S.K.: 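So that we are looking at the same thing, I have put the structure below in structure tokens.
Residue numbering restarts at 1 for every chain, and letters A, B, ... go by the order of the sequence lines. Bear in mind that the values here come from a model prediction, so they are computed numbers and not experimental data.
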Amino acid sequence: MIKITLPDNSVKEFHEGISGLEIAEAISNRLAKEVLSVTVNGEIWDLNRPIRSDAAIKLNQWDDREGKETFWHSSAHLMAEAIETLYPGTKFGIGPSIDNGFYYDIDLPEGRMLTDKDLASIEAKMLEQARAKNDIVRKDISKADALKYFSQKNDPYKVELISDLPDGSITLYNQGDFTDLCRGPHLPNTGYIKAIKLTSIAGAYWRGNEKNKMLTRVYGITFPKQKMLEEYLIMLEEAKKRDHRKIGREMELFHLSPEVGLGLPLWLPKGAILREQLELFLKKVQKKFGYEQVITPHIGDVNLYKTSGHFQKYGKDSFQPITTPTEGEEYLLKPMNCPHHCEIYRFKPRSYKDLPIRLAEFGTVYRYEQSGELHGLTRVRGFTQDDAHIFCRPDQLKDEFLKVIDIVFIIFKALDFKEYTAQISLRDPNNTEKYIGSDENWEKAQRAIVEACSEKGLKTTTVLGEAAFYGPKLDFMIKDALGRSWQLGTIQVDYNLPERFKLEYIGSDDKRYQPVMIHRAPFGSMERFCAVLIEHTAGKFPVWLTPDQVVVLPISEKYNDYAQKVLNELNNSDIRTVIDDRNEKIGRKIRDNELKRIPYLLIVGEKEAENGTVSVRRQGEGDKGTMTIAEFSDFLRSEIREQLREAFN
RNA sequence: GCCAGUGUAGCUCAGGGGUAGAGCGCUUCCUUGGUAAGGAAGAGGUCAUGAGUUCAAUUCUCAUCACCGGCUCCA
């Protein structure tokens, strides 16, 4: 007998060799029907794989991440089976599950192409093969046999994958006539898969390397119930309505004109208000944290970027230098603000008592992103960073780093971003020549970040090889409407630029020391941040941000004068208003889409004009009663204070 | 930069070898009084650009550009 520990810490005894499915059956019929895989001592297993010793297990259902993973991984195999049936001779790369379904990278027989129209026939074949309820069977195999099998099958990709695996760890999975190299786990049989939608086709390089052959990647998603697929498709439609490009046009926030240039957004009046409010908010926060605003030019001498090392690393792939009538003189559109800020630091000798110095700037930078990369406001070629550089003594580094994390938290709180991930990006230890700076400095910088994060209790993931070329960083990522992750806030520790720019401060012992630098942008960029904000709120911003806070509506033409008076008074108190006038004598008609996103409606008519009041309605909440204009101003201001209070606590 | 898809009015889209349509929006007029309207008239398009096939191309073919979905990249 073996002891099985369940997630609630209860222990049950079963005979040796019992499977996850049998345990589920012993608990309840319903569980047995719904369970998809079993986690055994932290490792996800097939349901029918025998458990031979004491173990802690968890039975994974659809609602568990592990359950979905198993389900979609098996779906990828099912798709491969269908594709092999329909297009014999196809070679297969990898086919994992992803956040929203799965994909398989395939190499179709010479001359064969896959287009969207082929997806329906693959779907149909998959359904057919799913209904056959073929068992998915796991088989241990020696490395030699695995290599032989896939060499015979003439599949170079699998052969390459197997070559990298140690002998003794290789398993094959078989269903129907299809056999794939796979670690598993998988569903017991293909019949679990009831609803299938192949979503798109894309090119993808083998092993993600640009120099390798491009394979065809087929994306799909499957569900155990048809209804779940329908709900998913509806959810996708809803998500598209929140797309910042669509709302940006509807709300007249920004415009991307090809006449101006690719990836160079134009901010329309209302978008400018949104941006300005965000900037004011952050400036206020930064003032509290001891930052000083600076302003620097949009171009800089090429030599400045040679000093920083940026030119050598990125010059060829950037906007090219601007020449002048003077022979040999070259300027670069600034791709980042740090060199300028370093020069501000160097303006005069600095004492250890001056540090930390925190220089902040909403600095517009220009980067020549690849054309295929441009995407609405999230990936552009000209954008404004909410940048700042902190120059501090080594002993102040951690404290400063922690304070920057605090600023990021304040922003996330004020805007109700709850679901973010924090990623620590370190340099790739096997490829250190990609980076500038000494090993010692890298070590120090990386350690500072890791320690600061653990001190904050921040849950982080760590990725090697994702660091900036001058230093490691901590990034905050947020998902957009369609679940794509975007990097917003970033905090980077840098020992290298201070060295390159020969930055110094005088210590208490009258000796010269080098400061440490922190690059940080809690929004990331105004463009990307606004994009993600729009998708999160679907354009219904908090009152303090919204471009139009109040609509004033005169009930008839007779009250236009009074409405105008109300408007003027509100405008005097910095409240952002529009007037809605059916007769369009004093204002314009406010349209549906627009109206839904304005939080307050003030109705003025006979009664209000007599008493000097307004009737207040709050979007989605209804009547707030009749009040004087002064009362309403106070009311609105207190709502804004309320919205921001939590952020500052 | 690479793979696939799309490109028709300001927006959302229908159509289709014989030089264009709808809804919304826009302009003008009328109507409308506690709520986000109703009626009438009107303006708007070299059907992305260039070449080819054809008696004839917005429609078919090719190329280019842009956009969309991915890949790579992302200081």
S.K.: Mind checking A/Glu608 for me? I need base, sugar-phosphate or nothing, with any heavy atom below 4.0 Å counting as a touch.
M.R.: base
S.K.: What interatomic distance, in whole Å, is found between P of B/U53 and the corresponding atom of B/C3?
M.R.: 28 Å
S.K.: Separation of A/Asn209 atom CG from B/C71 atom P, in whole Å?
M.R.: 15 Å
S.K.: Which side-chain N or O atoms in residues 462-476 of chain A pair as donor and acceptor under 3.5 Å with protein atoms at least two apart or in another chain?
M.R.:
{"unit_1": "A/Tyr470", "atom_1": "OH", "unit_2": "A/Gln492", "atom_2": "OE1", "d": "2.4"}
{"unit_1": "A/Lys473", "atom_1": "NZ", "unit_2": "A/Asp475", "atom_2": "OD2", "d": "3.4"}
{"unit_1": "A/Asp475", "atom_1": "OD1", "unit_2": "A/Thr490", "atom_2": "OG1", "d": "2.7"}

S.K.: Considering only nitrogen or oxygen atoms on both sides, find all protein atoms under 3.5 Å from nucleotides 8-12 of chain B and state each distance.
M.R.:
{"unit_1": "B/U12", "atom_1": "OP1", "unit_2": "A/Arg249", "atom_2": "NH2", "d": "2.8"}

S.K.: Could you state the atom-to-atom distance from CG of A/Asp105 to C1' of B/C3 in whole Å?
M.R.: 11 Å
S.K.: Nearest-Å distance, CD (A/Glu252) to P (B/G25)?
M.R.: 14 Å
S.K.: Taking the same atom, C1', in B/U19 and in B/U31, what whole-Å distance lies between them?
M.R.: 40 Å
S.K.: Give the rounded distance in Å between these two atoms: CD1 of A/Ile106 and C1' of B/C71.
M.R.: 15 Å
S.K.: Out of B/A75, B/G70, B/C73, which has the shortest distance to the side chain of A/Gln370?
M.R.: B/C73
S.K.: Can you check the distance between B/U58 and B/G21, where both ends of the measurement are the C1' atom (answer in whole Å)?
M.R.: 13 Å
S.K.: Test of understanding: with salt bridge (Lys or Arg N to Asp or Glu O under 4.0 Å), list the residues that count as partners of A/Arg381, not counting sequence neighbours.
M.R.: none
S.K.: Roughly, in whole Å, what's the span from CD1 in A/Ile603 to P in B/G34?
M.R.: 11 Å
S.K.: Applying salt bridge (Lys or Arg N to Asp or Glu O under 4.0 Å), can you list everything that pairs with A/Glu631, at least two apart in sequence or on another chain?
M.R.: none
S.K.: Grab the CD-P distance between A/Gln492 and B/C74 for me, whole Å please.
M.R.: 13 Å
S.K.: Under 4.0 Å, heavy atoms only, any strand: does A/Ser308 hit a base, just the sugar-phosphate, or nothing?
M.R.: nothing
S.K.: Which class fits the ring pair A/Phe254 and A/Trp267: parallel under 30°, tilted 30 to 60°, perpendicular over 60°?
M.R.: tilted
S.K.: Across the strands shown, which category fits A/Lys607 at heavy-atom distances under 4.0 angstrom: base, sugar-phosphate, nothing?
M.R.: base
S.K.: What is the distance, to the nearest angstrom, from the CG atom on A/Leu215 to the P atom on B/G70?
M.R.: 18 Å
S.K.: Residues two or more places apart in sequence or in another chain: which of them pass side chain to side chain contact (heavy atoms under 4.5 Å, CB included) with A/Glu210?
M.R.: A/Tyr205
S.K.: Looking at residues at least two apart in the chain, or sitting in another chain, which of them share a side chain to side chain donor-acceptor pair (under 3.5 Å) with A/Glu69?
M.R.: A/Arg65
S.K.: Give A/Ser615 one of three labels, base, sugar-phosphate or nothing, depending on what nucleic acid heavy atoms sit under 4.0 Å from its own.
M.R.: base
S.K.: Could you provide the dot-bracket string of RNA chain B, using ( ) for intrastrand pairs, [ ] for crossing pairs and | for bases paired to another strand, with Watson-Crick or G-U pairs below 3.5 Å?
M.R.: (((.(((..((((....[..)))).(((((.......))))).....(((((..]....)))))))).)))....
S.K.: Who passes side chain to side chain donor-acceptor pair (under 3.5 Å) against A/Asp118, sequence neighbours left out?
M.R.: none
S.K.: Quick one: list whatever passes side chain to side chain contact (heavy atoms under 4.5 Å, CB included) with A/Thr461, sequence neighbours left out.
M.R.: A/Gln423
S.K.: Between atom NZ in A/Lys211 and atom C1' in B/C3, what is the gap in whole Å?
M.R.: 18 Å
S.K.: Quick check on RNA chain B: between A/Tyr368 and A/Glu606, whose nearest nucleotide comes earlier from the 5' end?
M.R.: A/Glu606
S.K.: Please identify each residue that fulfils salt bridge (Lys or Arg N to Asp or Glu O under 4.0 Å) with A/Glu160, with sequence neighbours left out.
M.R.: A/Arg207
S.K.: For A/Asp301, which residues count as a salt bridge (Lys or Arg N to Asp or Glu O under 4.0 Å) partner, sequence neighbours excluded?
M.R.: none
S.K.: Please work out if A/Tyr219 contacts a base, only the sugar-phosphate, or nothing of the nucleic acid, heavy-atom cut-off 4.0 Å.
M.R.: sugar-phosphate
S.K.: From C-beta outward on A/Pro335, which listed nucleotide comes closest to its side chain: B/G34, B/C74, B/A75?
M.R.: B/A75
S.K.: Should the side chain of A/Glu369 and the base of B/G1 be counted as holding a donor-acceptor pair, with the cut-off at 3.5 Å?
M.R.: no
S.K.: Give a yes/no verdict on a cation-pi contact between A/Arg358 and A/Phe391, requiring under 6.0 Å between NZ or CZ and the six-membered ring centre and an angle within 45° of the axis.
M.R.: no
S.K.: Could you check which of B/C3, B/G1, B/G34 has an atom nearest any side-chain atom of A/Tyr205?
M.R.: B/G1
S.K.: Using the aromatic ring of A/Tyr314 (for Trp, its six-membered ring), decide whether it stacks on the base of B/A75 within the limits of 5.5 Å and 30°.
M.R.: yes
S.K.: Does this structure show an ion pair linking A/Lys607 with A/Glu610, if we count only N-O contacts that are shorter than 4.0 Å?
M.R.: no
S.K.: Does a distance-only test, which skips hydrogens and angles, find a donor-acceptor pair under 3.5 Å between the side chain of A/Arg379 and the base of B/C74?
M.R.: yes
S.K.: Could you check whether A/Gln487 gets within reach of a base, just the sugar-phosphate, or nothing at all, counting any heavy atom under 4.0 Å?
M.R.: nothing
S.K.: Give me, pair by pair, the N or O atoms of the protein and of nucleotides 63-69 of chain B that are less than 3.5 Å apart, along with how far apart they are.
M.R.:
{"unit_1": "B/C68", "atom_1": "OP1", "unit_2": "A/Arg245", "atom_2": "NH1", "d": "2.8"}
{"unit_1": "B/G69", "atom_1": "OP1", "unit_2": "A/Arg245", "atom_2": "NH2", "d": "2.8"}
{"unit_1": "B/G69", "atom_1": "OP1", "unit_2": "A/Arg484", "atom_2": "NH1", "d": "3.3"}
{"unit_1": "B/G69", "atom_1": "OP2", "unit_2": "A/Arg245", "atom_2": "NH1", "d": "3.2"}
{"unit_1": "B/G69", "atom_1": "OP2", "unit_2": "A/His375", "atom_2": "ND1", "d": "3.3"}
{"unit_1": "B/G69", "atom_1": "N2", "unit_2": "A/Ile201", "atom_2": "O", "d": "3.3"}

S.K.: Measuring only the P atom in each nucleotide, how far is B/A57 from B/A48? A whole number of Å is fine.
M.R.: 15 Å
S.K.: What orientation do A/Trp486 and A/His375 show, parallel under 30°, tilted 30 to 60°, or perpendicular over 60°?
M.R.: tilted
S.K.: Does the side chain to side chain contact (heavy atoms under 4.5 Å, CB included) test come out yes or no for A/Tyr366 and A/His298, once each step is laid out?
M.R.: CA-CA 9 Å; A/Tyr366 298 89; A/His298 285 216; 3.8 Å; yes
